[in-house]
Amino acid sequence: MEAVAVIVALMFAVFVALGVIAVVRSVRAVKRGVDRTVTQARRTVEDTRLKAKQYVQPGAPGEVAELRLSLRTSMRATQEALRAAAPDDPSLSEALALFKRLSTHGQEIDADLKRLEAEPDKARVAGSLPELRERVERVTHSADSLRWAAQDRARQFADDDLALLSEQIRMEAGALRHWTTEEEPQAAPTGAGVGARTPGAGSTGGGAESPEAATTAGAEPERPAITARDAWRQPGYSWQKTRRPESTT
């Protein structure tokens with residue numbers, strides 16, 4: 001009885017531990033989903049604010065908003081393109097490492113632009129814009145180069161795979177039409193056939209057949225180019241005609 005009680009207690013403890021692990025994993029998954037949704041919502045709100053500020057506020061404030069929006073859009077597009085292509089192409093691991101280093105510079109520039117956006121001194125804002133504009137252009141150009149290279153690589157892989165698939169389909173189609181490459185049975189020469197007369201043979205008429213020639217001609221009938229399958233092995237399809245019964249006469 002004591003052993004049974006110990007076993008039951010161990011099983012209960014295992015079930016409780018598994019339940020706790022399942023609950024913890026579920027909570028973490030829900031938390032990740034909520035965090036992801038909140039991050040996307042904040043990003044959308046920030047982009048909408050920058051777009052509105054770009055058109056509403058002319059001059060230096062509008063240019064700062066335009067630079068921030070251009071930087072964020074380019075970096076986000078490159079990140080999504082590399083992450084989407086990385087599972088199918090391990091060669092992009094180096095590109096992901098380079099983009100991670102580039103993202104550090106992009107975050108620093110975005111922080112500088114955000115501080116400049118809140119700067120009340122317009123002269124200081126106008127004086128800092130040329131340098132920040134050059135840095136933004138360098139970062140966005142590098143990000144665009146990585147994204148375009150990854151897209152061109154994926155497109156080239158798709159073209160190569162399509163070319164290989166087309167060649168395989170062409171070969172398979174040729175194999176399915178194997179009867180077009182087979183030679184047709186040749187007809188027997190007219191001189192040695194039915195109408196020929198053998199010297200020394202006692203023939204009663206000029207056009208009569210000899211018994212040997214008639215037997216040979218009847219023993220080897222002409223065979224079709226494609227031998228049909230047995231009726232009990234061939235499945236019925238909607239596009240096939242109904243098999244006609246053989247004549248009993």
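Computed from a predicted structure; not experimentally measured. These values consider heavy atoms only, across backbone and side chains, with no hydrogens, waters or symmetry-generated copies.
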With Asp110 via salt bridge (Lys or Arg N to Asp or Glu O under 4.0 Å) - residues at least two apart: Arg68
Transitive ILVMFWY cluster of Phe157, excluding itself - 4.5 Å side-chain cut-off: none
Side-chain heavy-atom pair Leu129, Leu67 within 4.5 angstrom cut-off: yes
Considering only distance and modelled atom types, tabulate donor-acceptor pairs under 3.5 Å from the side chains of residues 119-128, sequence neighbours left out.
residue: Glu119; atom: OE2; partner: Asp121; partner atom: N; Å: 3.4
residue: Asp121; atom: OD1; partner: Ala123; partner atom: N; Å: 3.2
residue: Ser128; atom: OG; partner: Arg124; partner atom: O; Å: 3.0

Side-chain donor or acceptor of Ser70 paired with backbone N/O of Glu66 under 3.5 Å: no
Qualifying side chain to side chain donor-acceptor pair (under 3.5 Å) pairs, either residue in residues 93-106, two or more places apart: none
Qualifying salt bridge (Lys or Arg N to Asp or Glu O under 4.0 Å) pairs with a residue from residues 156-170, counting only residues at least two apart or across chains: Glu167-Arg170
Rounded distance (nearest 0.5 Å) linking atom CZ of Arg135 with atom OG1 of Thr140: 12.5 Å
Partners passing salt bridge (Lys or Arg N to Asp or Glu O under 4.0 Å) against Arg153 (at least two apart in sequence or in another chain): Asp89
Minimum-distance pair of heavy atoms, taken over all atoms of Leu96 and Ala86: CD1-CB, 3.6 Å
For Ala85, all residues meeting side-chain contact (heavy atoms from CB on, under 4.5 Å), sequence neighbours excluded: Leu92
ILVMFWY clustering at 4.5 Å (side-chain atoms), partners of Ile21: none
Where Val139 and Gly106 come nearest, the two heavy atoms and their spacing: CG1-CA, 4.3 Å
Note, Val64 side chain near Lys114 side chain (heavy atom, < 4.5 Å): no
Give every donor-acceptor pair under 3.5 Å between a side-chain atom in residues 74-81 and any protein atom, sequence neighbours left out.
residue: Ser74; atom: OG; partner: Asp144; partner atom: OD1; Å: 2.8
residue: Arg76; atom: NH1; partner: Asp47; partner atom: OD2; Å: 3.2
residue: Arg76; atom: NH2; partner: Asp47; partner atom: OD2; Å: 3.2
residue: Thr78; atom: OG1; partner: Ser74; partner atom: O; Å: 3.0
residue: Thr78; atom: OG1; partner: Ala143; partner atom: O; Å: 2.9
residue: Thr78; atom: OG1; partner: Arg147; partner atom: NH1; Å: 2.8

Step-by-step side-chain contact (heavy atoms from CB on, under 4.5 Å) determination, Leu116 to Asp112: CA-CA 6 Å; Leu116 194 64; Asp112 294 339; over 6 Å; no
Distance-minimising heavy-atom pair for Ser142 and Leu102: CB-CD2, 3.8 Å
side-chain hydrogen bond (donor to acceptor under 3.5 Å, both in side chains) partners for Glu63, two or more places apart: Arg133
Hydrophobic cluster partners of Leu165 (side-chain heavy atoms under 4.5 Å): Ile169
Contacts of type side-chain hydrogen bond (donor to acceptor under 3.5 Å, both in side chains), residue Arg155, not counting sequence neighbours: Asp152
